Each structure stands twice: as C-alpha cells, then as structure tokens.
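For reference, the structure is listed below as structure tokens.
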Amino acid sequence: MGMGSDMYRQQILDHYKNPRNKGEMADPDFSHTGENPSCGDTITMNVSLEDDGETIEYVTFTGDGCAISQASASMLSERLQGTTLSELDAMGTDDITEMLGVDISPMRIKCAVLARQVAQDGAAIHTGDVEIDRTTTEED
C-alpha cells in the first residue's frame, strides 16, 4: 500500500475522531439498531425521508465501537443523503470497502459493513419487507 492508502487511513481516523451526523434524530421515519458481537460494535441508524417516501433526506447515527465501524457509519451517513431506498438496498460490501478506501481484513469486514446492514434492515422494516428486532453480523 502506498501513499494513497495512508490518505484513506487518515480519512478513517478523521471520521472516527470527528464523526459526521452522530447524534439523535428528533422524528426519524425509521430507526434501527444492530451489533457486531465479535468486536462489540453497536450502531443505531436514524433516517429521515423526503416527501416522496423513497429519497433519503438526512441520516444520523449513534453507537460505540471500533474505529472502522464508527468511521464507516459516519461516512455512510454522508453518502446516503440524496440516495433512494432502492439504491441503499443495492449497496454491497464492495461499495463500503470502496468508500473506506483501504483493504479490510476478513476479521474486520463485519465492522465495516455493520452500518450498511443496519440501514438496509431498517429500510426493509420500514417498507414492510421484513420483521426483525435487531440486526447482528453473526450467522444464525
């Protein structure tokens, strides 16, 4: 890894130390919580939709965890604004690792994708597609 990866590592540290959109949301259209038991990460994603009911207007998150999970939630909260629930649903692991900009080890990938999984599950609950109480990165 060269200088480019150092830049991305600095970006991850910046989002961890100075998270964007971290905090409660007064009246979200949906809110959902998930955890990564292997690392101790917990994240709640709060989403406000525009009047069309499909476009994400604003995202906040709360939670605790490692630098990767918290930075990923911070970065994702910025990236999701203006996207649709369909675009959120289509996001995969590669989208998250590309957003982070560094290679993520197999042991840390659950940390990186937790916020995305929580947001996707929250959206699916909101639209009535699934019924779950809490998202977890552990296999059932």
Side-chain angles (χ1 to χ4, degrees):
M1 293 192 207
M3 283 187 2
S5 63
D6 287 341
M7 178 184 70
Y8 284 111
R9 280 193 195 94
Q10 289 302 317
Q11 178 177 312
I12 289 169
L13 282 174
D14 181 48
H15 274 269
Y16 175 65
K17 291 177 180 177
N18 306 294
R20 281 50 151 200
N21 305 309
K22 188 166 187 175
E24 301 290 335
M25 183 183 289
D27 191 22
D29 287 293
F30 64 88
S31 181
H32 187 61
T33 301
E35 63 187 352
N36 173 14
S38 63
C39 193
D41 306 318
T42 302
I43 292 176
T44 299
M45 298 294 285
N46 308 292
V47 177
S48 174
L49 300 173
E50 298 206 11
D51 291 338
D52 65 7
E54 172 71 14
T55 305
I56 297 171
E57 180 178 20
Y58 191 63
V59 178
T60 66
F61 75 98
T62 59
D64 294 302
C66 69
I68 295 288
S69 73
Q70 298 300 293
S72 180
S74 175
M75 294 167 87
L76 187 64
S77 74
E78 290 184 319
R79 181 169 178 186
L80 288 178
Q81 293 178 38
T83 65
T84 64
L85 295 179
S86 299
E87 290 169 327
L88 167 60
D89 186 54
M91 287 184 86
T93 300
D94 289 345
D95 294 310
I96 300 303
T97 56
E98 184 178 302
M99 178 184 73
L100 291 170
V102 295
D103 291 330
I104 305 294
S105 72
M107 292 295 295
R108 304 300 298 230
I109 202 69
K110 290 178 181 181
C111 306
V113 300
L114 177 61
R116 184 216 63 210
Q117 285 182 274
V118 170
Q120 286 175 331
D121 287 351
I125 293 165
H126 175 73
T127 59
D129 294 335
V130 298
E131 285 186 35
I132 55 175
D133 292 328
R134 190 173 180 97
T135 295
T136 181
T137 57
E138 295 304 304
E139 308 296 323
D140 290 331

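Computed from a prediction, not measured in an experiment: that's the story for all the values here.
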Point-to-point distance, once rounded to the nearest 0.5 Å, from [atom1] of [X] to [atom2] of [Y]:
X    : Y    : atom1 : atom2 : result
N36  : E138 : CG    : CD    : 6.5 Å
L85  : L49  : CG    : CG    : 5.0 Å
Q81  : T55  : CD    : OG1   : 12.5 Å
R108 : S69  : CZ    : OG    : 8.0 Å
Q117 : M45  : CD    : CE    : 12.0 Å
I12  : L100 : CD1   : CG    : 5.0 Å

Inset, instruction - Assess whether side chain to side chain contact (heavy atoms under 4.5 Å, CB included) is satisfied between V59 and N21, documenting all intermediate values. - result: CA-CA 7 Å; V59 178; N21 305 309; 5.8 Å; no
Are [X] and [Y] grouped together when hydrophobic residues (ILVMFWY) are joined by side-chain heavy atoms under 4.5 angstrom apart?
X    : Y    : answer
I43  : Y16  : no
M75  : V102 : yes
V118 : Y58  : no

Minimum heavy-atom distance [X]-[Y], with the two atoms named:
X    : Y    : result
H126 : D29  : ND1-O, 3.5 Å
K110 : S38  : CD-OG, 4.4 Å
H15  : S74  : ND1-OG, 2.7 Å
I96  : A112 : CG2-O, 3.2 Å
A123 : L88  : CB-CD2, 3.9 Å
T62  : E24  : CG2-OE2, 3.6 Å

Inset, instruction - Keeping the roles fixed (side chain from D41, backbone from C66), state whether a donor-acceptor pair exists under 3.5 Å. - result: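 Looks like yes, one N/O pair under 3.5 Å.
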Could you tell me whether [X] atom [atom1] has more than 12 heavy atoms of other residues or ligands within 6.0 Å of it?
X    : atom1 : value
D133 : CG    : no
D51  : CG    : no
E50  : CD    : yes
N18  : CG    : yes

Find out whether [X] and [Y] are in side-chain contact, i.e. whether some heavy atom of one side chain is under 4.5 Å from a heavy atom of the other.
X   : Y   : value
S31 : N46 : yes
T60 : S77 : no
I56 : T84 : no

Legend entry - Name of the residue among H32, E35, Q120 meeting side-chain hydrogen bond (donor to acceptor under 3.5 Å, both in side chains) with T135: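 Among H32, E35, Q120, the one meeting side-chain hydrogen bond (donor to acceptor under 3.5 Å, both in side chains) with T135 is H32.
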Inset, instruction - Look at R20 together with D14 and state whether they make a salt bridge at an N to O cut-off of under 4.0 Å. - result: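 Salt bridge between R20 and D14, a charged N being under 4.0 Å from a carboxylate O: yes.
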Legend entry - Counterpart residues, side chain to side chain contact (heavy atoms under 4.5 Å, CB included), relative to K22 (two or more places apart):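 So K22 forms a side chain to side chain contact (heavy atoms under 4.5 Å, CB included) with P19, F61, Q70.
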Legend entry - Non-neighbouring partners of D95 that pass side chain to side chain contact (heavy atoms under 4.5 Å, CB included), sequence neighbours left out: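 For D95 the side chain to side chain contact (heavy atoms under 4.5 Å, CB included) partners, ignoring immediate neighbours, are R79, M91.
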Inset, instruction - For residues 88-122, pull every pair meeting ring pair (Phe, Tyr, Trp, His ring centres under 6.0 Å), keeping only residues two or more places apart or in separate chains. - result: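 Applying ring pair (Phe, Tyr, Trp, His ring centres under 6.0 Å) to every pair that reaches into residues 88-122, excluding sequence neighbours, yields nothing.
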Legend entry - Candidate list I109, T93, V113, test side-chain contact (heavy atoms from CB on, under 4.5 Å), partner I104, passing option: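 Running side-chain contact (heavy atoms from CB on, under 4.5 Å) over I109, T93, V113 with I104 returns exactly one hit, I109.
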